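Working notes for the structure below.
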Amino acid sequence: MASLQISGGSVRFEPLVGFNRTGCVHPIGSLGFPHYRRRFSIGRPLLLRCSSVSGESQTDDITDAQRDASLLGFQLPPPGDQELFGTSTKEATHQEENSDATDEAEMADFGVPGNRAVEEGAAEVAHTSVKAEVINNLVFVTSEAAPYSKTGGLGDVCGSLPIALAGRGHRVMVISPRYLNGTSADKNYAGAKDLGVRVTVHCFGASQEVSFYHEYRDGVDWVFIDHQSYHRPGNPYGDSKGAFGDNQFRFTLLCHAACEAPLVLPLGGFTYGEKSLFLVNDWHAGLVPILLAAKYRPYGVYKDARSILIIHNLAHQGVEPAATYSNLGLPSEWYGAVGWVFPTWARTHALDTGEAVNVLKGAIVTSDRIITVSQGYAWEITTVEGGYGLQDLLSSRKSVINGITNGINIDEWDPSKDEHIPFHYSLDDYSNKVKCKMALQKELGLPIRPECPMIGFIGRLDYQKGIDLIQNAGHDLMVDDIQFVMLGSGDPKCESWMRSMEETYRDKFRGWVGFNVPISHRITAGCDILLMPSRFEPCGLNQLYAMRYGTIPVVHATGGLRDTVENFNPYAEGGAGAGTGWVFSPLSKDSMVSALRLAAATYREYKESWEGLMRRGMCRNYSWENAAVQYEQVFQWVFMDPPYIK
Ligand SMILES: Nc1ncnc2c1ncn2[C@@H]1O[C@H](COP(=O)(O)OP(=O)(O)O[C@H]2O[C@H](CO)[C@@H](O)[C@H](O)[C@H]2O)[C@@H](O)[C@H]1O
């Protein structure tokens with residue numbers, strides 16, 4: 001195994017086992033890149049040995065939170081990952097202390113004026129519908145947008161940020177595929193009507209006809225690209241057998257069609273036109289800025305358009321064999337934009353040249369600006385630990401990268417009116433929160449013990465989310481008088497670990513395998529503590545939901561988690577205390593368990609401190625309004641400069 005020296009310490013590359021469902025698009029054996037890793041499981045909610053649980057299970061809905069066929073296999077552990085990678089705690093902590101001040105200063109470079117997210121009492125901002133000073137035609141391109149399609153945070157963001165921007169006066173279109181999987185989820189598209197516009201896309205050596213469906217809702221034009229490749233069982237990226245083998249085709253089609261939409265769709269009687277600003281979300285939309293530069297601008301089209309790449313997760317890059325370049329519908333001389341060569345250590349045999357096409361890389365080098373979903377993550381992606389091989393390119397574009405912390409849908413996530421929870425509460429009176437906990441304990445078949453600290457975890461069972469840490473700490477945690485509930489799907493090994501934990505600790509542990517929105521709300525409301533030991537976290541939404549619900553987050557100090565959760569300090573403010581949760585570091589079992597124990601002890605013995613934590617979290621302003629103002633600042637900047645690629 002190759003190793004790489006970083007800042008005097010040693011971190012280890014860990015090539016992963018390759019995986020491709022069809023084997024025909026990027027056969028691991030022939031190409032030899034160990035970077036195609038998918039961990040799919042059937043997203044069938046399966047309550048583990050807990051027959052008393054009820055609730056809406058979404059067996060027929062978008063299920064697994066896995067993203068696509070294109071997870072890059074560099075797993076560069078952060079410097080704090082000493083327990084798993086052999087650095088001592090002392091060393092790691094020392095290194096962190098030394099680098100903290102520098103990190104903070106460097107992170108500040110990525111900020112955008114107007115961030116009021118951390119101001120207490122700023123909740124009022126949430127409902128002020130101030131209009132933007134400059135109005136733009138915005139075109140979001142995304143592989144998912146809630147409530148139509150969602151497997152994770154990308155869907156949440158693309159389902160709510162556009163509405164906030166439309167509320168501020170922008171003309172906003174969101175373009176995503178019209179997924180039909182033969183389940184009740186298909187009714188999500190019931191309100192979208194065929195516009196009768198057909199476009200022929202030339203890619204993959206053929207002509208493909210796509211049509212456009214449209215629904216105008218909440219001030220936003222929701223546009224769905226229709227093609228038979230989006231109609232199949234499973235979630236947007238795959239099914240129980242793994243990622244779809246034709247994802248490169250499906251998202252190439254999305255990008256080509258998305259570029260045509262502002263030119264050809266007379267929405268409300270008028271097209272969006274050439275002066276549109278494309279908001280390109282993750283690799284699935286990554287061809288858009290390349291097409292603008294390579295296919296349109298040379299012919300005088302979209303000269304006034306701009307594009308902003310929004311990175312929600314750099315680990316997914318849309319990497320396929322170099323031979324697939326001709327499928328993308330790009331002129332041959334543009335290969336350099338997406339061409340990518342893997343380092344020698346990542347190749348499996350001597351004849352493997354490591355050549356590939358990397359769509360996200362292409363977007364990084366052609367988009368006009370780049371936004372990531374937190375300031376901390378904006379900095380992390382320019383480092384070797386967080387850059388997933390793209391850190392040098394990203395660093396070269398540092399001057400146009402900004403971090404803007406996500407907001408949340410404060411109507412959907414509101415404990416005073418949440419339709420999924422049995423009792424409602426608010427900052428003024430949160431006495432019903434404990435009733436939510438007791439109802440959750442009953443629903444899960446756990447002993448009903450209002451005084452027992454209850455810890456929750458919600459998320460993809462994935463390396464990113466630090467599930468290995470939870471697994472390592474499981475038995476240690478069960479020694480304590482706590483209850484623990486996990487909701488998620490993904491890694492089959494973790495799913496079976498959850499099963500065995502539930503069998504062993506029937507009075508303390510519950511696991512729910514699957515994707516279930518109502519349960520996620522009930523866990524957020526019912527638990528006292530929400531655990532997020534993410535290895536990296538571009539923003540993270542669950543900690544924001546948790547704080548709004550008076551549930552105290554215990555998080556690893558990374559990316560958006562570090563930006564949004566303030567570590568508890570009982571002595572601050574003349575003894576009144578400050579902070580909204582526990583932010584632990586380094587990423588180790590011991591430091592996670594200590595933080596959880598501290599949290600549980602505070603919950604049991606220091607009620608006043610606990611309520612202070614709850615109140616401070618519930619007071620924060622997580623509205624999209626706050627983020628929207630910062631996005632507008634970046635919109636202004638992007639139009640000040642000429643197109644990056646003319
Ligand atoms: N089993 C389950 N059942 C029901 N709901 C479930 C679920 N598993 C996850 N969810 C929901 O899916 C969303 C996950 O959002 P996150 O931001 O935590 O992560 P994700 O890694 O998908 O998103 C990426 O994009 C987002 C958006 O930018 C970034 O915040 C994040 O850091 C980045 O990794 C939340 O709404 C959560 O409640």
Side-chain angles (χ1 to χ4, degrees), residues 41 43-47 55-58 61-68 71 142-147 149-161 235-237 279 281-282 284 310-316 371-374 376-378 380-381 386 403-409 412-413 420 456-467 485-490 494-495 498 511-525 530-532 534-546 548-549 551 553 555-556 558-564 622 624 627:
S41 67
R44 182 168 37 87
L46 168 66
L47 180 69
E56 185 191 329
S57 67
Q58 301 183 333
D61 213 331
I62 301 304
T63 52
D64 201 341
Q66 300 292 344
R67 181 56 39 88
D68 57 89
L71 179 64
T142 176
S143 59
E144 49 182 282
S149 52
K150 167 176 163 175
T151 70
L154 174 65
D156 281 341
V157 171
C158 290
S160 45
L161 172 60
N235 74 24
Y237 313 110
L279 296 155
N281 292 274
D282 279 351
H284 320 95
I310 306 178
I311 299 178
H312 300 264
N313 194 335
L314 193 65
H316 303 269
I371 291 177
T372 65
V373 288
S374 72
Y377 192 62
E380 284 175 16
I381 60 171
I404 300 177
T405 304
N406 286 331
I408 61 174
N409 183 335
E412 186 194 346
W413 290 90
H420 300 305
F457 170 93
I458 301 165
R460 288 180 286 121
L461 303 178
D462 185 271
Y463 177 84
Q464 174 192 347
K465 302 294 178 185
I467 49 161
V485 53
M486 282 180 79
L487 167 67
S489 63
C494 187
E495 291 175 357
M498 281 158 64
W512 184 298
V513 175
F515 195 88
N516 190 309
V517 172
I519 289 284
S520 74
H521 283 243
R522 291 200 282 277
I523 290 176
T524 306
L530 188 91
L531 175 62
M532 293 183 74
S534 305
R535 189 162 265 99
F536 68 94
E537 195 61 79
C539 177
L541 297 173
N542 288 321
Q543 83 280 12
L544 303 179
Y545 302 147
R548 186 156 161 80
Y549 279 62
T551 302
V555 304
H556 173 225
T558 184
L561 298 178
R562 179 156 78 166
D563 286 7
T564 54
Y622 306 110
W624 272 111

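What you are looking at is a predicted structure, and each value in this text was computed from that prediction instead of being measured. In listed order, ligands and their atoms are each counted from 1.
Under the 3.5 Å distance criterion, the side-chain polar atoms of Arg535 are matched with a main-chain donor or acceptor of Tyr463. A donor-acceptor contact shorter than 3.5 Å links the side chain of Asp462 to the backbone of Gln464. With hydrogens and angles disregarded, a donor-acceptor distance shorter than 3.5 Å links the side chain of Arg548 to the backbone of Trp413. Proximity of a side-chain donor or acceptor of Glu495 to a complementary backbone N or O of Gly490 within less than 3.5 Å is detected.
Ligand-side atoms of ligand 1 in range of Gly488: 1 (N), range being under 4.0 angstrom from any heavy atom. Atoms of ligand 1 lying under 4.0 Å from at least one heavy atom of Glu537, given by number and element, are 31 (C), 32 (O), 33 (C), 34 (O). Near Gly459, meaning under 4.0 Å from one of its heavy atoms, ligand 1 places the atoms 8 (N), 9 (C). Close approach to Asn406 involves these atoms of ligand 1, each under 4.0 Å from a residue heavy atom: 27 (C), 28 (O), 30 (O). Interface of Val373 with ligand 1, defined as ligand atoms under 4.0 Å from a residue heavy atom, comprises 28 (O). For ligand 1 and Gln464, the ligand atoms under 4.0 Å from any heavy atom of the residue are 21 (O), 34 (O). Of all atoms in ligand 1, listed by their number and element, those nearer than 4.0 Å to a heavy atom of Gly152 are 12 (O), 13 (C), 14 (C), 22 (O). Residue contact check: Asp156 has heavy atoms under 4.0 Å from atoms 13 (C), 35 (C), 36 (O) of ligand 1.
No side-chain heavy atom of Thr524 sits under 4.5 Å from any side-chain heavy atom of Asn542. The shortest side-chain heavy-atom distance between Glu380 and Thr372 does not fall under the 4.5 Å cut-off. Contact of the Cys158 side chain with the Glu144 side chain is not registered, since no non-hydrogen atoms from C-beta on lie closer than 4.5 Å. Taking 4.5 Å as the limit, some side-chain heavy atom of Leu461 sits within range of a side-chain heavy atom of Met498. Side-chain contact between His521 and Glu412 is present, with heavy atoms from C-beta onward closer than 4.5 Å. Side-chain atoms of Tyr622 and Thr405, non-hydrogen and from C-beta on, never get closer than 4.5 Å to each other.
Taking Phe457 as the reference, nothing meets the ring pair (Phe, Tyr, Trp, His ring centres under 6.0 Å) condition, with sequence neighbours excluded.
Here the shortest heavy-atom distance to atom 29 (C) of ligand 1, taken over Gly540, Gly153, Ala546, belongs to Gly540. Of the listed options Pro518, Gly490, Gly514, Ser489, Gly514 places a heavy atom closest to atom 1 (N) of ligand 1.
Among the atoms of Val517, none of the N or O lies under 3.5 angstrom from an N or O of ligand 1. No N or O atom of Val157 sits closer than 3.5 Å to an N or O atom of ligand 1. For ligand 1, the polar-atom distance check finds an N/O of Leu541 within less than 3.5 Å of one of the ligand's N/O atoms. For Cys539, a nitrogen or oxygen atom sits less than 3.5 Å from a nitrogen or oxygen atom of ligand 1, counting backbone and side chain alike. Ligand 1 has an N or O atom lying under 3.5 Å from an N or O atom of His312, backbone or side chain. The distance criterion of under 3.5 Å between nitrogen or oxygen atoms is not met by Trp413 with respect to ligand 1.
Using a non-hydrogen distance threshold of 4.0 Å, Gly560 does not register as a contact of ligand 1. Within the structure, the closest approach of Lys150 to ligand 1 falls below 4.0 Å when heavy atoms are considered.
Tyr237 and Ser143 share a donor-acceptor pair across their side chains, judged by distance under 3.5 Å alone.
The part of Tyr545 lying near ligand 1 is the side chain, judged by heavy-atom distances below 4.0 Å. Within the 4.0 Å heavy-atom criterion, neither part of Ile519 lies near ligand 1.
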